[in-house]
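Every chain is numbered from 1, with letters handed out A, B, ... down the list of sequences. Since the structure is predicted, the reported quantities are computational estimates derived from the model, not experimental observations.
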Amino acid sequence: MEIIVYFSKLFVPTTRQDPSEAELASHKLMIRSGMIKKTAAGIYNWLPIGLNVLKKVENIVRNNLNNYGAQEILMPMVQPAELWKESERYEQYGKELLKFQDRSQRDFVLGPTHEEIMCEIFRSYPISYKDLPINMYQIQTKFRDEIRPRFGVMRSREFLMKDAYSFDINEKGMENSYLNMKNAYISTFDEIGLDYRIVKADAGNIGGDVSEEFHIIADSGEDLLAISDSSEFAANVEVLEYNKDPSELDGSDSPDGNGKLQIKRGIEVGHIFQLGQKYSEKMSATIKDSTGTDINVFMGCYGIGVSRIVAAAIEQNHDEKGIIWPYSIAPFHVNVICLDPSKEEVIKECQSVYQILRDAGHDVILDDRDIRAGNKFTDNEILGIPYSIILGPRNYANNKYEFLSRATGEKQELNIDEIKQILEEKK
RNA sequence: CGGGGCAUAGCGCAGCCUGGUAGCGCACCUGGUUUGGGACCAGGUGGUCGCAGGUUCAAAUCCUGCUGCCCCGACCA
């Protein structure tokens with residue numbers, strides 16, 4: 001028998017008041033719902049509810065990558081400076097790269113990304129072109145010493161990132177790997193279920209010639225996107241060579257000749273790059289082709305900001321009362337709100353409903369706390385659990401349950417089978 | 001790194017200008033009354049006032065230095 005998740009046993013420190021430190025809705029709500037707790041600027045703890053959501057995002061990312069043939073590994077966060085000197089990024093990367101020494105004064109860095117380590121792994125084995133393509137990824141805590149961390153986990157210094165690296169014998173292979181990952185990303189973001197766009201991007205610090213970003217559309221986004229209203233064209237305004245104010249772009253002709261540009265704001269949650277031989281040349285990561293010639297391997301790299309997605313999801317899905325989770329990443333799908341837990345027959349009925357829904361494969365929480373109803377309703381709204389079943393002495397005896405949608409506020413009197421059917425469709 | 005702001009109980013704040021040894025709301029604990037939308041009454045716990053130094057009989061309050069945090073900008077996935 002499954003152990004019931006009782007609200008009373010979970011550490012969920014919700015608060016009524018907005019924290020003074022937060023500006024953005026997602027930041028405020030993550031603190032108010034007890035998801036995160038700051039330890040230092042840009043450095044956060046993930047409390048039970050927050051971690052629950054983070055893990056859901058992580059698992060969707062993981063499953064989709066696995067489906068597209070990528071293999072999960074785990075690389076060290078602490079990296080020897082040697083490798084970074086070799087790629088010449090030790091100086092180039094700038095102050096975002098946190099450098100430090102160990103007890104015997106050897107230089108190390110805290111990994112902001114892992115191209116160097118990945119090359120080091122690759123070059124140390126005799127790998128044949130016949131073994132390619134290879135694509136490996138990890139989901140790991142990254143550290144970038146941001147000039148100005150802000151907006152909670154949206155732009156933090158320590159954050160959870162999925163980074164994947166592909167290896168191919170030639171450009172054609174690299175392009176295939178890149179497209180494969182792009183498709184994996186599309187499938188991932190489709191599954192998460194947020195409104196997003198793929199845009200042409202500037203490769204920045206990572207390098208390479210071709211790169212695209214995945215943006216979750218939100219008014220609070222830090223990036224400006226130019227999107228054609230009648231074609232596939234979409235680009236981060238950074239890459240558009242206009243010498244004018246971005247606002248003037250709005251309504252101008254799309255560079256591809258189709259339609260007018262619309263300016264939207266986006267939160268960058270994914271970035272894919274064709275690196276080519278940039279790193280493999282500097283770090284001598286070679287491979288023998290069919291003629292026995294050493295070739296610098298063609299790489300691609302692919303990032304997803306896992307923790308940022310959590311914040312972005314809230315940014316796109318909330319109201320004045322709290323979070324409204326998409327079903328795919330909700331910490332729980334259903335909250336069984338027990339209005340009178342001290343009455344044995346009421347709590348028993350709640351447990352029974354819990355068990356039925358749990359057995360049907362839904363994540364359920366039972367709010368058994370001995371507090372006033374209003375407090376439970378309010379916490380439920382802040383937490384943004386998609387559905388709740390309100391069960392009290394007034395209605396436990398009949399076969400109908402009060403079924404409430406967080407998104408619409410709609411209340412229905414339904415029997416358990418009808419509830420199961422609605423939830424089934426959300427899966 | 002430039003500009004601005006803040007630091008007083010777990011959270012949100014007042015007190016500072018005009019020095020006299022700390023207060024309000026929420027939360028938390030106890031008792032009672034309540035109980036389907038953030039209850040009420042009574043009582044209670046909790047603070048070296050960010051740190052260091054200085055002025056003074058006396059500093060949360062005035063002065064100097066430092067640290068941390070937030071906002072705008074530049075920078076960046």
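A parallel orientation is assigned to the rings of A:F273 and A:H271, their planes being inclined by less than 30° (bins at 30° and 60°). Below 30°, between 30° and 60°, or above 60°: for A:Y196 and A:F214 the angle between ring planes is below 30°, a parallel geometry. The aromatic rings of A:Y387 and A:F403 lie parallel to each other, with less than 30° between the two planes, well short of the 60° mark.
Stacking between A:F159 and B:rA77 is present: the aromatic ring centre lies within less than 5.5 angstrom of the base six-membered ring centre, and the two planes differ by under 30 degrees.
Considering A:Q92, A:E116, A:K282 in turn, A:E116 is the only one that fulfils the side-chain hydrogen bond (donor to acceptor under 3.5 Å, both in side chains) rule with A:S87.
For A:F11 and B:rG10, the CZ to C1' distance is 10 Å, given to the nearest whole Å. Between A:K95 atom NZ and B:rA77 atom C1' there is a gap of 20 Å when expressed in whole angstrom units. Nucleotide B:rC76 holds its C1' atom 16 Å from the CD1 atom of A:I267, rounded to whole Å. Going from atom NZ of A:K142 over to atom C1' of B:rC76 covers 16 Å, rounded to whole Å. At whole-Å resolution of the value, CG in A:L383 and P in B:rG38 are 18 Å apart. The distance from atom CD of A:E96 to atom C1' of B:rA74 is 13 Å, rounded to the nearest whole Å. Atom P of nucleotide B:rC26 and atom CG of A:N375 are separated by 13 Å, given to the nearest angstrom. Taking atom CZ on A:R89 and atom C1' on B:rA77, their separation rounds to 12 Å, with Å as the unit.
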### Task
Any chance you could list the contact pattern along nucleotides 67-73 of chain B? Use B for base contacts, S for sugar-phosphate-only contacts and - for none, protein heavy atoms under 4.0 Å, 5' to 3'.
--SSBBB

### Task
Determine, for nucleotides 29-35 of chain B in 5'-to-3' order, which nucleotides have protein heavy atoms under 4.0 Å from the base (write B), from only the sugar-phosphate (write S), or from neither (write -).
-----B-

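Spacing of P atoms, B:rC57 relative to B:rG19, comes out at 15 Å, to the nearest Å. The P atoms of B:rC66 and B:rA9 are separated by 25 Å, rounded to the nearest whole Å. Using atom C1' as the reference point in both B:rC49 and B:rG15, the two lie 11 Å apart (nearest Å). Separating the C1' atom of B:rA77 from that of B:rG4 is a span of 28 Å, rounded to the nearest Å. Straight-line distance between the P atoms of B:rC51 and B:rA59: roughly 15 Å, to the nearest whole Å. Atom C1' of B:rC62 sits at a distance of 37 Å from the matching atom of B:rG44, rounded to the whole Å. For the C1' atoms, the distance from B:rC11 to B:rA7 is 15 Å, rounded to whole Å. Comparing the P positions of B:rC26 and B:rA39 gives an interatomic distance of 11 Å, to the nearest angstrom.
In this model, a donor atom of one side chain and an acceptor atom of the other lie less than 3.5 Å apart for A:Y137 and A:N66. When only modelled atom types and interatomic distance are considered, A:E212 and A:Y178 share a side-chain donor-acceptor pair under 3.5 Å.
Cation-pi geometry between A:K99 and A:F108 is not satisfied (NZ or CZ under 6.0 Å from the ring centre, within 45° of the ring normal). A:K85 forms a cation-pi arrangement with A:Y90, by the criterion of a distance under 6.0 Å to the ring centre and an angle within 45° of the ring axis.
At a threshold of 4.5 Å between non-hydrogen side-chain atoms, the residues A:S280 and A:F122 do not count as touching.
Remark: B:rC11 base-pairs with B:rG25. Criterion, Watson-Crick or G-U wobble with two distances under 3.5 Å. The partner of B:rU55, taking Watson-Crick or G-U wobble pairs whose two distances both stay under 3.5 Å, does not exist in any strand shown. Base pairing analysis places B:rG36 opposite nothing; no Watson-Crick or G-U wobble pair with both distances below 3.5 Å involves it. Across every strand in view, B:rG73 sits in a pair with B:rC1 that passes the Watson-Crick or G-U test at under 3.5 angstrom. Nucleotide B:rG68 is matched to B:rC6 when pairs are restricted to Watson-Crick or G-U wobble geometry with both distances under 3.5 angstrom. Using the Watson-Crick or G-U wobble rule with both distances under 3.5 Å, B:rA42 pairs with B:rU30.
Under 4.0 angstrom from either OP1 or OP2 of B:rC76 there lies no side-chain N or O belonging to A:R144.
Counting distance only, with no hydrogens placed and no angle test, the side-chain atoms of A:E381 and the base atoms of B:rG38 include no donor-acceptor pair under 3.5 Å. Residue A:Q17 places no side-chain atom within donor-acceptor reach of the base of B:rG10, judged by atom type and a 3.5 Å distance cut-off alone.
In this structure, A:D379 reaches the bases: a heavy-atom distance under 4.0 Å links it to at least one base atom across the strands shown. A:S342 comes within contact range of no nucleotide atom at all, as no heavy-atom separation falls under 4.0 Å. Using a 4.0 Å heavy-atom criterion, one finds that A:E222 contacts no nucleic acid atom at all.
Each of A:E213 and A:K411 was assigned the nucleotide of RNA chain B with the nearest heavy atom; the assignment lying further toward the 5' end belongs to A:K411. Remark on RNA chain B: of its neighbouring residues A:D18 and A:L391, the 5'-side contact belongs to A:D18, judged by nearest-heavy-atom nucleotide.
Between A:I385 and A:W325, the shortest heavy-atom distance links the atoms N-CD1, 4.4 Å.
Around atom CD of A:E222, more than 12 heavy atoms belonging to other residues, nucleotides or ligands sit under 6.0 Å away.
Not a single side-chain hydrogen bond (donor to acceptor under 3.5 Å, both in side chains) links A:K200 to another residue, sequence neighbours left out.
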